[in-house]
There are 2 protein chains.
Amino acid sequence: MTNRTVFYVSDGTGITAETFGNSILAQFALRPRHVRRPFIDTVDKADKVVSEINQTAEAEGLRPIVFITLAKDEVREILKDGRCKGMVMDMFAAFVEPLEHELGMKSNHRVGRFSDAAKSQEYNERIEAINFSLAHDDGQSAKNLEAADVILVGVSRCGKTPTSLYLAMQHGIKAANYPLIPEDFERGQLPGALAPHRRKCFGLTIDPDRLCQIRNERRPGSRYAAIENCRYEVREAETMMKRAGISWLSSTHKSIEEIATTILRDIRPDRLIY
Amino acid sequence: MTNRTVFYVSDGTGITAETFGNSILAQFALRPRHVRRPFIDTVDKADKVVSEINQTAEAEGLRPIVFITLAKDEVREILKDGRCKGMVMDMFAAFVEPLEHELGMKSNHRVGRFSDAAKSQEYNERIEAINFSLAHDDGQSAKNLEAADVILVGVSRCGKTPTSLYLAMQHGIKAANYPLIPEDFERGQLPGALAPHRRKCFGLTIDPDRLCQIRNERRPGSRYAAIENCRYEVREAETMMKRAGISWLSSTHKSIEEIATTILRDIRPDRLIY
């Protein structure tokens with residue numbers, strides 16, 4: 001039921017407006033159409049967006065919801081001077097003013113939250129972490145595992161790769177990942193390369209039916225994808241992780257974001273403070 | 001100057017609270033200490049967080065700033081009933097109530113914004129896009145390029161890989177990337193595999209001095225990293241992209257998020273609407 005349009009209007013990427021607006025809208029039984037309008041940093045561009053909003057209002061017969069993160073007064077004014085026929089939610093107004101009072105300083109009306117950060121140390125660490133995670137995807141390299149912040153383990157296709165990349169990209173965490181494979185189960189032991197690093201290992205597991213489905217998309221009808229094999233691998237992997245004292249969670253009903261946050265909380269709580 | 005602690009308290013991952021809080025705080029000349037407290041979904045856990053906030057307030061002699069995204073009333077109450085010595089910024093309160101009025105419906109106080117989304121079609125597309133981007137990183141495969149939404153081109157180490165992965169992870173965009181290498185410059189032509197897909201190519205370039213610095217971290221003192229070579233490659237790549245009619249931008253002063261948003265806006269504006 002797409003019965004309403006939501007605009008995210010920002011002088012930067014609009015990611016903040018969109019993330020926040022989405023979480024507000026998730027509180028309602030509504031499936032709106034989303035429109036992101038980034039880099040709206042001049043009066044001219046703001047005028048165009050207002051026209052677009054007003055046309056949408058007319059076409060749909062409902063006023064669009066408009067989340068804005070605009071730092072420049074003259075640009076924000078265009079959205080707020082009464083011509084815009086959307087319901088404008090000014091995300092800064094609600095919080096910046098009380099903070100100016102609390103902190104005893106004026107806000108600097110800085111445009112975009114990434115600009116200065118782009119080449120900061122923190123940013124470079126994120127890029128380095130991405131490179132590390134790529135080089136250590138799927139057990140590709142056991143070299144330099146001592147530099148890893150986290151090593152994800154689990155059966156093939158349980159979600160290790162996206163989680164590693166997310167940890168690197170979002171949190172600057174050097175996340176290696178290492179598959180548990182039938183040979184490991186036969187030996188009944190964790191891969192040798194992991195032994196010295198057991199304390200930074202974290203396991204992912206998955207419901208065998210879901211695993212079977214995912215593997216069948218990749219290699220339909222294979223022994224690898226067969227439900228009996230999926231059940232065997234998952235059971236063996238869980239037994240092995242239990243024996244090794246590795247904590248784990250199931251990726252079946254969790255998003256990458258939730259898995260990554262749980263891993264941080266459980267094995268790198270220091271990275272939730274910075 | 002870390003003279004203030006900021007808490008992000010959420011019943012979900014806390015990513016929304018943190019993203020939003022960071023962009024608000026970027027408006028101030030302040031370098032606070034950040035503490036994220038995710039999955040605070042019971043009264044008990046909320047009590048513990050309030051104790052932590054109050055201890056911080058006492059130790060620092062300043063009240064912490066506390067951004068909250070808490071959907072359950074009884075949990076939110078713990079943060080707002082007066083015992084918490086932080087300055088509580090309730091991100092939902094400011095917007096949910098006016099929206100209830102506008103939409104003519106009650107909010108459902110749903111916890112977390114990812115829970116239901118985890119196994120949605122949109123989510124599966126993101127995972128598929130990540131796998132695609134990994135398989136098509138650095139020109140690894142010219143197979144199936146027709147399935148790509150975007151193909152990033154540029155010299156080695158100009159930022160193609162992190163941008164591709166970000167596009168995939170955040171936007172579900174199948175982003176391949178293809179290096180432009182000295183052999184291409186000698187032939188004076190784009191890599192043959194790209195010819196049929198020119199319209200979905202997007203170029204990245206970079207300041208030669210910055211490129212030299214990045215390459216020297218990887219292969220110190222090499223011809224590859226030498227400033228003359230970096231200048232040559234960047235100049236040739238820009239000439240080639242200009243001739244082929246490929247639009248490009250410089251990654252030198254831009255974050256991954258800004259580059260990705262610019263690419264969407266310029267070559268896949270449809271993906272800003274969903």
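Note that the structure is predicted; figures quoted are calculated from it, not measured.
For A/Phe20, the parts sitting under 4.5 Å from any heavy atom of chain B are the backbone and the side chain alike. Neither the backbone nor the side chain of B/Asp270 has a heavy atom closer than 4.5 Å to any heavy atom of chain A. For A/Pro98, the parts lying under 4.5 angstrom from a heavy atom of chain B are both the backbone and the side chain. Of the two parts of A/Asp138, neither the backbone nor the side chain holds a non-hydrogen atom closer than 4.5 Å to a non-hydrogen atom of chain B. The parts of A/Leu165 that come within reach of chain B are both its backbone and its side chain, each placing non-hydrogen atoms under 4.5 angstrom from that chain. Within the 4.5 angstrom heavy-atom criterion, only side-chain atoms of A/Ile127, from C-beta onward, approach chain B. Of the two parts of A/Glu217, neither the backbone nor the side chain holds a non-hydrogen atom closer than 4.5 Å to a non-hydrogen atom of chain B.
Between chain B and the residues A/Thr69, A/Val6, A/Leu62, A/Val96, the largest count of heavy-atom pairs under 4.5 Å involves A/Val96. Taking chain A as the reference chain and counting heavy-atom pairs below 4.5 Å, the highest number among B/Phe28, B/Phe7, B/Tyr8 is found for B/Phe28. Between chain B and the options A/Arg265, A/Met87, A/Arg271, A/Arg37, the largest number of non-hydrogen pairs under 4.5 Å is found for A/Met87. Contact tally against chain A (heavy-atom pairs below 4.5 Å) for B/Glu102, B/Met89, B/Met169, B/Glu100: the top residue is B/Glu102. The most heavy-atom pairs under 4.5 Å with chain B, out of A/Ile256, A/Thr161, A/Leu25, A/Leu264, come from A/Ile256.
More than 12 non-hydrogen atoms from other residues, nucleotides or ligands lie less than 6.0 angstrom from CD of A/Gln140. Atom CD of A/Glu97 has 12 or fewer heavy atoms from other residues, nucleotides or ligands within 6.0 Å.
Looking at A/Arg31 and B/Glu122, no side-chain N of the basic residue comes within less than 4.0 Å of a carboxylate O on the acidic one, giving no salt bridge. Salt-bridge formation is not detected for the pair A/Lys72/A/Asp11: no Lys NZ or Arg NE/NH1/NH2 atom is positioned less than 4.0 Å from an Asp or Glu carboxylate oxygen.
Taking the side chain as every heavy atom from C-beta outward, A/His136 and A/Asn144 approach each other to under 4.5 Å.
Of the options B/Arg33, B/Glu52, B/Arg63, a side chain to side chain donor-acceptor pair (under 3.5 Å) to B/Thr5 is made by B/Arg33 and by none of the others.
The aromatic rings of B/His34 and A/Tyr274 sit parallel, their planes meeting at an angle under 30°, below the 60° perpendicular limit.
With sequence neighbours excluded, no residue forms a salt bridge (charged side-chain N to carboxylate O under 4.0 Å, His left out) with A/Lys160.
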